[in-house]
Engineer: 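Below is a structure I'd like to ask you about.
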Amino acid sequence: MYCNNLESLTSTLSELQQQPKVQSVLLFVADKGHPDKKTIEPVLKQFTKPLMGGVFPEIIADGERRETGFLVLPLFNKLNTVLVDLSLDVSEIKKSIHTHAQQEAVKNVSLFCITDALTSEKTTMIDLLYDSWGPEANYVGAGAGSLSFKPLPCIIHQHTMVGNAAVIGVIDVTVNIGVAHGWAPVSEAIKVTETEGNSIISLNWEPAFDVYREQILRHSGVEISPENFFDVAKSYPLGLIRLDSEMTIRDPYATNNGWLHIVDNVPEGDYIRIMNGNINSLLEGASKAFKDSHANISDETSQQFCVDCISRVLYMQDEFDRELAL
C-alpha cells in the first residue's frame, strides 16, 4: 500500500488498526522530503499493533521506484519486535538480542532486521542474530539511511524513529527467500590484510586503493581516481568469498589516503574478489532470486516483497525498470 503523503499514511494506519486480520505492519519511508522525527512520531503513536521499518533512499511500490512517500505492508501474523541500541557496549547488545531470542521457539521462525547502514556494529549484530537463532531460522534484512551518507534517525520501531540502532521482528511463519545478484568475479582471491571500521587499509599487504585500481585497470582499461571514484566503483563492487553460498557484495563508495571506504564491514583476514557485471547479468540474477523465492508457493494470496540494494539502481539507472518488470 503506497501513501504519497503523511495524511494518506495517517489514514492508512487508522484503517489497518481497525482490521482484525492485520496483526503487524512493515513501514518503509523514502528519504526525499520525509517527515522528521517530531512530525511522524505522533502519527505512529496512533497505531498500537506491532510496527517496524526504516527510511531508505528509495522505495518500490506498484512496480515503480519512488523517491518520496511511504510503503505500508500489512502482515497477517504477529511480529515480536525489539529495538537494539547499537551505541551500547557489545555485551549489552548481545544481552538484548539473546533475551529476545529466548522468547521464541526456533522452528518455523523468520526474522526481519532493519539496521542503520552507517552504524559500526552492523556485522557484530548480524553475527549475534545468527548465534541466537541459528541456521533453522530464515533471515530478511536491509540497511536503512540516505545516499548523503550522513547520520539520521532512520530506524522505526512502534512510535519512535531513531538512529544508530536496529529493529528486529520475529514472526512464527516460514518466509520463502531468494537471493542472487548477477555480479561475476574479475580478479583472483585477494586477502583483506588491514581494516579499520568500515574501511579497508590494505589488500595483500599493499595499499587497498592501489590494488583495487590495478585490478580495474587490468580488466577494463579504465583509470579510477579519487575524483571519479564513485562513478567507476559502482561497476566494481567487492565480493566476500563464502564457501557455502553466493558471494556477499560490498560497495566501495570513496577513497582517501589509499584506503577504501565501504558501506558495510569487510572483516580483516577474509578474502575478496573484485566483481563486475552488465545489465543482462544483473537481470539474470534478479530473475533467479524471484524464481527461488516463489519455489513451492501455491497460495496465490501469499504476500511478496523485495529488498534491493540501492547500488543496483545507481548502476542500472533507467534499465532498473526492466528488473522491476520481471
Side-chain angles (χ1 to χ4, degrees), residues 1-3 12-13 15-29 44 47-54 56 59-63 70-84 96-115 122 125-144 155-159 165-180 244-246 286-309 326:
M1 305 171 70
Y2 176 68
C3 306
T12 297
L13 290 178
E15 181 182 337
L16 295 178
Q17 177 74 36
Q18 305 305 316
Q19 295 184 18
K21 290 184 178 180
V22 176
Q23 297 189 38
S24 311
V25 158
L26 298 177
L27 174 62
F28 306 100
V29 181
L44 300 178
F47 189 79
T48 61
K49 299 177 183 181
L51 180 148
M52 61 176 285
F56 298 90
I59 56 177
I60 301 170
D62 302 323
F70 311 85
L71 178 63
V72 181
L73 182 62
L75 300 178
F76 306 122
N77 299 84
K78 185 177 181 179
L79 281 168
N80 185 3
T81 63
V82 62
L83 183 69
V84 181
S96 178
I97 292 175
H98 282 190
T99 299
H100 194 62
Q102 291 171 2
Q103 302 174 14
E104 302 288 343
V106 173
K107 188 176 180 181
N108 296 328
V109 161
S110 297
L111 277 79
F112 297 97
C113 180
I114 300 174
T115 309
K122 278 182 301 183
M125 190 210 63
I126 291 170
D127 289 342
L128 290 172
L129 284 182
Y130 193 79
D131 288 344
S132 298
W133 279 277
E136 299 300 321
N138 292 314
Y139 300 85
V140 181
I155 300 298
I156 297 172
H157 177 240
Q158 296 305 113
H159 58 267
V167 60
I168 302 166
V170 185
I171 191 168
D172 189 18
V173 66
T174 299
V175 174
N176 221 33
I177 298 172
V179 181
D244 58 350
S245 62
E246 188 166 18
S287 178
K288 181 180 184 303
F290 179 80
K291 291 176 182 177
D292 289 349
S293 69
H294 284 67
N296 303 318
I297 291 181
S298 57
D299 185 0
E300 294 183 357
T301 64
S302 62
Q303 296 171 280
Q304 306 166 31
F305 82 105
C306 74
V307 178
D308 218 328
C309 183
L326 290 173

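Just so you know, these numbers come straight off a predicted model, no measurement behind them.
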Engineer: For a quick test of reading the model, state the closest non-hydrogen atom pair linking Val25 to Pro74 and the distance between them.
Structural biologist: CG2-CA, 4.2 Å

Engineer: For Glu15, which residues count as a side-chain contact (heavy atoms from CB on, under 4.5 Å) partner, sequence neighbours excluded?
Structural biologist: Gln19

Engineer: If you look at every heavy atom in His159 and Leu44, which pair is closest and at what distance?
Structural biologist: CA-CB, 3.6 Å

Engineer: Please list, chain by chain and in numerical order, all residues satisfying side-chain hydrogen bond (donor to acceptor under 3.5 Å, both in side chains) with Lys122, sequence neighbours excluded.
Structural biologist: Asp264

Engineer: Would you give the length of the straight line joining atom CG of Asn138 to atom CD1 of Ile171, rounded to the nearest 0.5 angstrom?
Structural biologist: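 Here the interatomic distance stands at 11.5 Å.
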
Engineer: Once side-chain hydrogen bond (donor to acceptor under 3.5 Å, both in side chains) is applied, do any residues pair with Asp308, and if so which ones, sequence neighbours excluded?
Structural biologist: Arg312

Engineer: Does His100 reach the side chain of Val84, with side-chain heavy atoms less than 4.5 Å apart?
Structural biologist: no

Engineer: So which of Ile168, Ile156, Ile155 actually passes side chain to side chain contact (heavy atoms under 4.5 Å, CB included) with Leu83?
Structural biologist: Ile155

Engineer: Using side-chain contact (heavy atoms from CB on, under 4.5 Å) as the criterion, list what pairs up with Ala61, not counting sequence neighbours.
Structural biologist: Tyr2, Arg66, Leu71

Engineer: So do Ser132 and His98 actually touch side chain to side chain, heavy atoms under 4.5 Å?
Structural biologist: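 His98 vs Ser132: side chains touch.
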
Engineer: Using every non-hydrogen atom in the two residues, find where Gly54 and Ile114 come nearest and quote the distance to one decimal.
Structural biologist: N-CD1, 4.2 Å

Engineer: What distance separates Thr12 OG1 from Phe47 CZ, expressed to the nearest 0.5 Å?
Structural biologist: 11.0 Å

Engineer: Under the side chain to side chain contact (heavy atoms under 4.5 Å, CB included) rule, what do Val22 and Phe76 come out as? Steps first, then yes or no, please.
Structural biologist: CA-CA 5 Å; Val22 176; Phe76 306 122; 4.0 Å; yes

Engineer: Please identify each residue that fulfils side-chain contact (heavy atoms from CB on, under 4.5 Å) with Lys291, with sequence neighbours left out.
Structural biologist: Ser287

Engineer: Kindly give the heavy-atom pair with the smallest separation between Met125 and Thr115, and that separation in Å.
Structural biologist: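 Where Met125 meets Thr115 most closely, the heavy atoms are CE-OG1, 3.3 Å.
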
Engineer: Let me confirm one number: the SG-CD1 distance from Cys113 to Ile126, rounded to the nearest 0.5 Å.
Structural biologist: 6.5 Å

Engineer: To check you understand the geometry: which heavy-atom pair defines the closest contact between Val82 and His157, and what is its length?
Structural biologist: N-NE2, 4.0 Å

Engineer: Using a 4.5 Å cut-off on heavy atoms from C-beta on, say whether the side chain of Ile97 contacts that of Leu129.
Structural biologist: yes

Engineer: So, taking the atom named NZ in Lys49 and the one named OG in Ser24, what distance separates them when rounded to the nearest 0.5 Å?
Structural biologist: 8.5 Å

Engineer: Could you pull out all residues at least two apart from Phe305 that satisfy side-chain contact (heavy atoms from CB on, under 4.5 Å)?
Structural biologist: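 Here the qualifying residues are Leu26, Phe28, Leu73, Phe112, Val140, Val307.
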
Engineer: Give me the atom names and distance for the closest heavy-atom approach of Ile60 to Cys306.
Structural biologist: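 Taking Ile60 first and Cys306 second, the nearest heavy atoms are CD1-SG, 3.9 Å.
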
